[in-house]
Amino acid sequence: MARAIVVAVAAIALVAGASQVAGVFRRTSEAVTGEAGLTHAQRLLIPARAYDMATELWLAAREEIPVADTYTVITGSGIMVSSPLTLFKAPVFARFYLLPRRYVSDPRQADWILSYGGDLQSLHLRFRRTQTILPGLEIARVAR
Amino acid sequence: MSRAAAGLIALDCGFLVTGLAVLWALGFVGGARDAVRHAPLALVTGWVTTALLATLVLLVGPMPTASETVALWGLALGAAALGLLRRRPPDEPVPAPPPRETSRAGATVAAAGALVVAAVVAADCRRALASGPLSPDVVTEWLPKAETLFYFGRIDSRPGGFLSFSFEDYPPLAYVSDGLSFRFMGRADPLLIPTQHWVLAAAFYLSVAVLLSSRVRAALVWPGVALLAVLPRMDVLVGSALADEPLTELFALTAICLVLWMLGGVRRYAWLAVLLGAGVVLVKAEGSMLMLTLALAPAAWALRRRRLRDALLPLSPLLAAAAWRVWLAVHHVRRTGPDYRLVDFFHPGYLASRTGRLEYAARELADATFSPKHSLLLAAATLALAPLLAFHRRAIAVLLVSVVVVPTLVYLGIYWIGFDEIHLYLDGTKERLTAPIDAAGAVLLPLLVTEAWRSWGAGAGLHSARWRSRASAS
């Protein structure tokens, strides 16, 4: 009886496993197909695209902001988004994408402000220059 | 080949050599054939050894550079060569020779299992090379924190540094491991990290086979490893760069080592479990709890044999967690946004107001732990075999129940008192939290089936008595 239970347990687990084999290869194919043809730079931006973010701001920020500088991200209603989650995730993605540039939460300590639909004027800071990447997406260099 | 890829290959070669030295010192490897057979286990062992050493260095100073890591390898090799770890006690039992697969049917089943494993590993490689979409948690926390170690060279408390990210109190081994990969790449390229994780995952699958084959026939070993490889949780985790991936792998290997120790009384398995277990507790916050669920039954088993030093072995990895706790206390680091407060367990009113949350979490967690689709019934199989083993191997039966039941109850309690919205909380965590339980079930299944079969077979009494006398002699 005990040996029958042992065989039954092993058999049930193996059947459950066998039912998954095809799924493993299907999911792999889907994942690989989704990435096919993308460049290294495009693949790095996939997490932003997943939240329907416009990625032009991050690309420009990487070009503009020196690696030793600090920055912050402000968000607001100045840009159309498909979900509030997009605005919530914008600074989160920036912190991943723009390292080793240091993110600071206080705009007064930042060398640069990245605005994802935010209002730069509401910060009451002086800017050395402001660059509009797309309507609602701006990079501003804070004057010191 | 790019410089980054060459750096990762050099890193893995370093892991391999270091791991072989450690396995030699522990008595696993005695010659060239042994070295080849144990190469996957050596890679994993070398990775854990290196990550632990680098973590210790990080706690007292800077993140090791590539050349400093080579120096750490030299230190490990020197320790092994001096035989500091190789102190085989005179009463150490000689391990039984590994069982050979003699029947043609058995060899066919083993080959079929190995084929499935090879196919899944190849598919995982394809996905890792494509660096599939990084999960939100990887982007939010795991990779940026590893990158800060690479860029800023230490656990940086300044704005934008290591401690400015969420989950400040999470133990650092997973970040250190990826940080070392960046060091050897010469740049922080997140898209190469899945490939490095794939190398470790492939070594993990083969390590399971290496360890199991010391007591289990190939016709059970390879289908068991295939079961592990097609486990939906492993499919999601391999190459994900989530810390749940190394946690699951190290937890499963520690579980095998402890069970092998209890079965044969061969202490080298316990020492290897100590090393892997230290990785478990330093790779993720819940690692300490998981290690405790693994350690209690072996510790009690050793105590019953009046072996106090042996009883301390499975508990000793928790010292690594203590070292991290001390570092947090000394540097006044506390998590800014905790998910729960343990004191809430002592507020009956608070608990009573959240019974709906408890009910929902219990339903979802039971589904995640026991449904065929998610867990391949591995947790259920583990529980089903426990009573059969309880007659002859009580400590192992207790360990099995502990591995499945205790973490499940702990997670249920946390979901009950947690602050986050329960639907989002469960959706984002339940699959990952139950992965180590399922993986442990998968790797132990061939061993448990073998032992249960032996225990209840003809001449079971003689067989059990032989093993019992061998274990007690140790």
Side-chain angles (χ1 to χ4, degrees), chain A residues 1-36 38 40-41 43-44 46-51 67 70-72 85 89 92-106 109-110, chain B residues 116 119-120 123-124 126-127 129-136 138-140 143-144 147-148 150-152 158-161 164-165 188-191 220 223-224 226-232 235-236 372-373 375-378 380-381 384-385 388 391 441-442 445-446 448-449 452-453 455-457:
Chain A
M1 177 63 181
R3 279 191 157 194
I5 294 174
V6 172
V7 172
V9 166
I12 290 169
L14 281 177
V15 169
S19 70
Q20 292 295 319
V21 175
V24 171
F25 299 108
R26 193 187 57 245
R27 283 190 291 275
T28 299
S29 280
E30 285 168 3
V32 173
T33 308
E35 310 275 309
L38 296 182
H40 184 277
R43 283 196 282 151
L44 270 181
I46 288 175
R49 298 247 186 243
Y51 292 107
V67 291
T70 60
Y71 71 95
T72 195
L85 205 56
K89 291 289 182 182
V92 174
F93 178 74
R95 297 189 71 180
F96 161 72
Y97 191 70
L98 296 178
L99 269 167
R101 299 156 190 88
R102 288 180 183 270
Y103 173 87
V104 292
S105 48
D106 184 353
Q109 293 176 354
Chain B
V116 172
V120 173
D124 286 346
R126 224 178 124 216
R127 199 174 46 191
L129 286 173
S131 312
L134 301 169
S135 95
V138 171
V139 173
T140 312
L143 281 178
E147 287 185 40
T148 65
F150 171 75
Y151 286 123
F152 308 136
R158 289 174 296 170
S164 70
F165 286 87
D189 183 352
L191 296 183
L220 283 174
L227 205 55
L228 173 70
V230 301
L231 193 64
D235 186 33
V236 172
K373 186 182 156 200
S375 71
L376 307 186
L377 295 168
L378 288 167
L385 290 175
L388 295 182
F391 288 93
L445 190 66
L448 304 179
V449 166
W453 186 263
S455 301
W456 289 93

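So you know, we letter chains A, B, ... as the sequences are listed, proteins then strands, and number each from 1. Since the structure is predicted, the reported quantities are computational estimates derived from the model, not experimental observations.
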| said: I'd like to know which of His40(A), Arg49(A), Arg101(A) tops the heavy-atom pair count under 4.5 Å against chain B. | reply: His40(A)

Let me check something: any side-chain donor-acceptor pairs from residues 10-27 of chain A under 3.5 Å, sequence neighbours excluded? List them with distances.
residue	atom	partner	partner atom	Å
Ser19(A)	OG	Ala16(A)	O	2.6
Arg27(A)	NE	Asp235(B)	OD2	2.5
Arg27(A)	NH2	Asp235(B)	OD2	2.8

Heavy-atom pairs under 4.5 Å with chain A: which of [options] has the most?
options                                    : value
Pro232(B), Ala452(B), Ser375(B), Ala442(B) : Pro232(B)
Asp189(B), Asp124(B), Leu143(B)            : Asp189(B)
Leu448(B), Leu376(B), Val449(B), Leu445(B) : Leu376(B)
Val116(B), Leu377(B), Val120(B)            : Val120(B)

Heavy-atom closest contact ([X] atom, [Y] atom, distance):
X         : Y         : value
Gly160(B) : Phe152(B) : O-CE1, 3.6 Å
Val139(B) : Phe93(A)  : CG1-CD1, 4.1 Å
Ser29(A)  : Arg126(B) : OG-NH1, 3.8 Å

| Set of residues satisfying side-chain hydrogen bond (donor to acceptor under 3.5 Å, both in side chains) with respect to Arg95(A), sequence neighbours excluded | Ser164(B)

| query | Is there a donor-acceptor pair under 3.5 Å between the side chain of Arg43(A) and the backbone N or O of Ala130(B)? | reply | yes

| task | Answer with side chain, backbone, both or neither: which region of Tyr97(A) has an atom nearer than 4.5 Å to a non-hydrogen atom of chain B? | result | neither

| request: Let me know if Ala226(B) has heavy atoms under 4.5 Å from chain A in its side chain, its backbone, both or neither. | output: neither

